[in-house]
Every structure is written in C-alpha cells, then in structure tokens.
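Remember, it's a predicted structure, so these values are computed and weren't measured experimentally. Note on naming: letters A, B, ... go to the chains in the order of the sequence lines (proteins, then strands), and numbering restarts at 1 for each one.
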Amino acid sequence: MRGFPGHLLPRAFFEASPEMVAPRLLGKLLVHRIGTGLLAGRIVEVEAYLGPHNDPPDPAAHAHRGLTPRNQVLFGPAGHAYVYTIYGRYFCMNISCEIEGQAGCVLLRALEPVAGADRMAANRGLDAGAPVRMLASGPSRLCQAMSLTRISHNGLDIASAASPLEVRDDGFTPGEVMVTARIGIKHAVDWPLRFALAGHSCVSGPRGRTATAFVPSKIPSY
DNA sequence: CTGTGGATTTGCT
DNA sequence: GCAAATCCACAGG
C-alpha cells in the first residue's frame, strides 16, 4: 500500500467495544487493493453490533445466540472482515472488535468514493457519470462498489499490511457526528448505535432523518 | 415524494 | 420452514 495516503490502523484500534470503535471509524479510509488497481472510500456511516457478553445482550446482532459457522469470525481476534450474504443476493461488510473470545463488530454502511470511482460505478452497473452518492451508500452497495464478497473476503485480517483490504487514517478530522437507531433491523430498534457524518451526501437512507448531536470523547490516536 | 413487493441464498429452529 | 443488518423497480399522489 506504499504511496497511498495515511497509515494502517493497528489491531489495537479495534480491540474495544463496537460502540466505541464505530464512531472512531468515521472519516477513515477503506482501501481494497485489486491487482494493480486500488479502490478506496472514506467511511461516512457505520453501525455497532454488540457481542452476547453485554448486559443486556444485543438481540439484533448475528453473534446474539453464540458462535455458529457463519459468525465464527466475530469471536476471533479484532480487525478481521466479517462478510455475510443477506437476502440471498447481497453482501454486508463488518469489522470484528473486542478481544479474541468476545464477539462484536461494526457494520460499514456507506463510503464516500476516494479512489477508483469509475470502477465502483462499473461494479454497480452504473455509468461513469452516475451521482457519487449512488456508488457506496448502503451496506450492500458498498460491497458491490468495493468488490467485496463472502467467499473472497470473509475472515481477512484487515489490520495486516499484507492484506488486500485495509483501513487507513489519512488525518481527516470528522466534523459533527450524528447518532440514530440502526436501520433495517427488527429487534432493539431504538438503540442509538448508528453513527454518521452529519449532513454528508453519501450517508444512506432518507435525508433529514432525526439526528442527535454526538461528540466522541477522549479518542485515542493510533 | 411515498409505499409496496419480488428476487434469491443462507443459516438456524 | 422461514426469517433475514437489502436493493431496485414500479405504481400512485
């Protein structure tokens, strides 16, 4: 990844509870190296899903009922990709958190394209001139745009410099962050675990959604 | 702008 | 068997 801005986020960044990691991921870069090419986007929207060791447990999380073949990555070390199939035809991309043995993850819901936007559009079946917000606004659109699949990417260590998939910090400082309930779930529908850059055009969902001001406190640097 | 329904695989009960 | 952390097309106001 030499030549690409910023530095690789270390595993320690992810070894905390998802509700702490999630807002800290806003403004970071998701980078996917494909052959000689590069796809990258700034993370503008995320959701936290808590492990079953929490009290009360998070009934919306895949890890809610313990370890299964599908969710085993979530119980492994932090900083690994959890990519799963949803509704038969799409994928969603998460990053595992906590220490090994404890589950928890952050769902990546939207990116602002930074590199390879034309290729993202092609991946999404759109013209090169398509509106930027159509490229990676939504968890499965994000996977389509970034060419992420369960078979190829589930379990990848994204905190390794050898990985084709990384999260990098280029020094971007987020402005106001909004917090809302998570989208598309049927349980714990009002837990405030969705975080997004306020007013950013690439955030998914209806605009003008109810938002609360939120200021992350004591964010360590990595 | 809003609301509705279909596509289609996977994992767990 | 059925529910699911989605997206898209299409109908109607």
Side-chain angles (χ1 to χ4, degrees), chain A residues 14 17-23 25-26 30 41 43-52 54 56-76 78 80-98 103-111 113 120-127 130-156 158 167 178-196 201-210:
Chain A
F14 303 101
S17 72
E19 52 198 322
M20 296 295 289
V21 177
L25 273 172
L26 293 174
L30 181 68
I43 298 169
V44 298
E45 179 186 354
V46 295
E47 286 177 356
Y49 287 87
L50 311 183
N54 288 273
D58 179 358
H62 283 185
H64 178 226
R65 306 195 179 187
L67 192 152
T68 67
R70 175 175 66 162
N71 67 23
Q72 63 173 334
V73 172
L74 298 179
F75 290 84
H80 287 248
Y82 171 51
V83 184
Y84 68 92
T85 307
I86 187 166
Y87 298 109
R89 40 173 32 194
Y90 299 111
F91 300 108
C92 291
M93 156 86 194
N94 304 252
I95 301 174
S96 64
C97 299
E98 308 277 18
C105 62
V106 175
L107 170 70
L108 305 186
R109 286 195 57 93
L111 303 178
M120 291 186 197
N123 290 342
R124 295 258 303 115
L126 302 171
D127 296 331
V132 169
R133 71 155 52 84
M134 291 290 92
L135 299 185
S137 299
S140 296
R141 290 172 171 181
L142 182 156
C143 287
Q144 258 185 330
M146 294 288 290
S147 283
L148 302 176
T149 65
R150 181 176 68 86
I151 295 299
S152 297
H153 303 282
N154 186 48
L156 272 190
I158 65 171
V167 180
M178 69 176 188
V179 187
T180 76
R182 294 172 292 186
I183 292 178
I185 55 172
K186 292 285 180 41
H187 302 287
V189 293
D190 54 0
W191 292 19
L193 294 176
R194 172 173 173 261
F195 306 85
S201 64
C202 291
V203 171
S204 73
R207 326 253 286 200
R209 176 178 296 276
T210 307

Picking from [options], which would you name as closest to the side chain of [X]?
{"X": "A/Cys92", "options": "C/dA4, B/dT13, C/dT6", "answer": "C/dT6"}
{"X": "A/Thr68", "options": "C/dA4, B/dG11, B/dC12", "answer": "B/dC12"}
{"X": "A/Arg150", "options": "B/dG11, C/dA5, C/dA4", "answer": "B/dG11"}
{"X": "A/His187", "options": "B/dG11, C/dA4, C/dA5", "answer": "C/dA4"}
{"X": "A/Arg89", "options": "B/dT8, C/dA5, B/dT13", "answer": "B/dT8"}
{"X": "A/Pro69", "options": "B/dT8, C/dT6, B/dC12", "answer": "B/dC12"}
{"X": "A/Tyr84", "options": "C/dA5, B/dG11, C/dT6", "answer": "C/dA5"}

| query | Is there aromatic stacking of A/Tyr49 against C/dA5, centre distance under 5.5 Å, plane angle under 30°? | reply |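 Stacked: ring centres under 5.5 Å, planes under 30°.
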| said: Determine whether the aromatic ring of A/Tyr90 stacks with the base of C/dT6, defined as ring centroids separated by less than 5.5 Å and ring planes inclined by less than 30°. | reply: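 Stacking is absent between C/dT6 and A/Tyr90, given that the ring centres and planes do not meet under 5.5 Å and under 30°.
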| field | Residue whose closest nucleotide on DNA chain C lies nearer the 5' end, A/Leu74 versus A/Arg141 | value |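 On the 5' side of the pair lies A/Leu74.
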| field | Whichever of A/Met134 and A/His62 has its nearest DNA chain C nucleotide further upstream toward 5' | value |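 The residue closer to the strand's 5' end, by nearest nucleotide, is A/His62.
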Expressed in angstrom and rounded to an integer, what is the separation of [X] atom [atom1] from [N] atom [atom2]?
{"X": "A/Glu45", "N": "C/dA5", "atom1": "CD", "atom2": "P", "result": "16 Å"}
{"X": "A/Gln72", "N": "B/dC12", "atom1": "CD", "atom2": "P", "result": "10 Å"}
{"X": "A/Leu126", "N": "C/dC8", "atom1": "CG", "atom2": "P", "result": "8 Å"}
{"X": "A/Leu50", "N": "C/dA5", "atom1": "CG", "atom2": "P", "result": "15 Å"}
{"X": "A/Arg65", "N": "C/dA3", "atom1": "CZ", "atom2": "P", "result": "13 Å"}
{"X": "A/His64", "N": "C/dA3", "atom1": "NE2", "atom2": "C1'", "result": "15 Å"}
{"X": "A/Phe91", "N": "B/dT8", "atom1": "CZ", "atom2": "C1'", "result": "12 Å"}
{"X": "A/Arg70", "N": "C/dA5", "atom1": "CZ", "atom2": "P", "result": "8 Å"}

Are any non-hydrogen side-chain atoms of [X] and [Y] less than 4.5 angstrom apart?
{"X": "A/Pro56", "Y": "A/Trp191", "result": "yes"}
{"X": "A/Glu45", "Y": "A/Ile183", "result": "yes"}
{"X": "A/Asp58", "Y": "A/Tyr49", "result": "yes"}

| query | Is C/dA5 paired to anything, Watson-Crick or G-U wobble with both distances less than 3.5 Å, and if yes, which nucleotide? | reply |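 Looking at the geometry, C/dA5 pairs with no nucleotide.
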| field | Nucleotide paired to B/dT8 in any strand shown, Watson-Crick or G-U, under 3.5 Å | value |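 Its partner is none (no Watson-Crick or G-U wobble pair with both distances under 3.5 Å).
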| message | At less than 4.0 Å, is any side-chain N or O atom of A/Arg124 found next to OP1 or OP2 of C/dC8? Yes or no. | response |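 The answer is yes; a side-chain N or O of A/Arg124 sits under 4.0 Å from OP1 or OP2.
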| query | Is any side-chain nitrogen or oxygen of A/Lys186 closer than 4.0 Å to OP1 or OP2 of C/dA3? | reply |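 No, because none of the side-chain N or O atoms of A/Lys186 sits under 4.0 Å from OP1 or OP2 of C/dA3.
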| Is the backbone N or O of A/His80 less than 3.5 Å from a side-chain atom of A/Ser96, with the two atoms forming a donor-acceptor pair by type? |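 Looks like yes, one N/O pair under 3.5 Å.
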| message | Determine whether a donor-acceptor pair (N or O, by modelled atom type, separation under 3.5 Å) exists between the side chain of A/Asn71 and the backbone of A/His62. | response |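 The answer is yes, because a donor-acceptor pair under 3.5 Å joins these two groups.
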| request: Report which part of the nucleic acid A/Ile86 touches: base, sugar-phosphate, or nothing (heavy-atom distance under 4.0 Å, all strands). | output: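 Touches sugar-phosphate only.
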| field | Nearest atoms (heavy-atom pairs only) where A/Phe91 meets A/Cys143 | value |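 The answer is O-SG, 3.6 Å.
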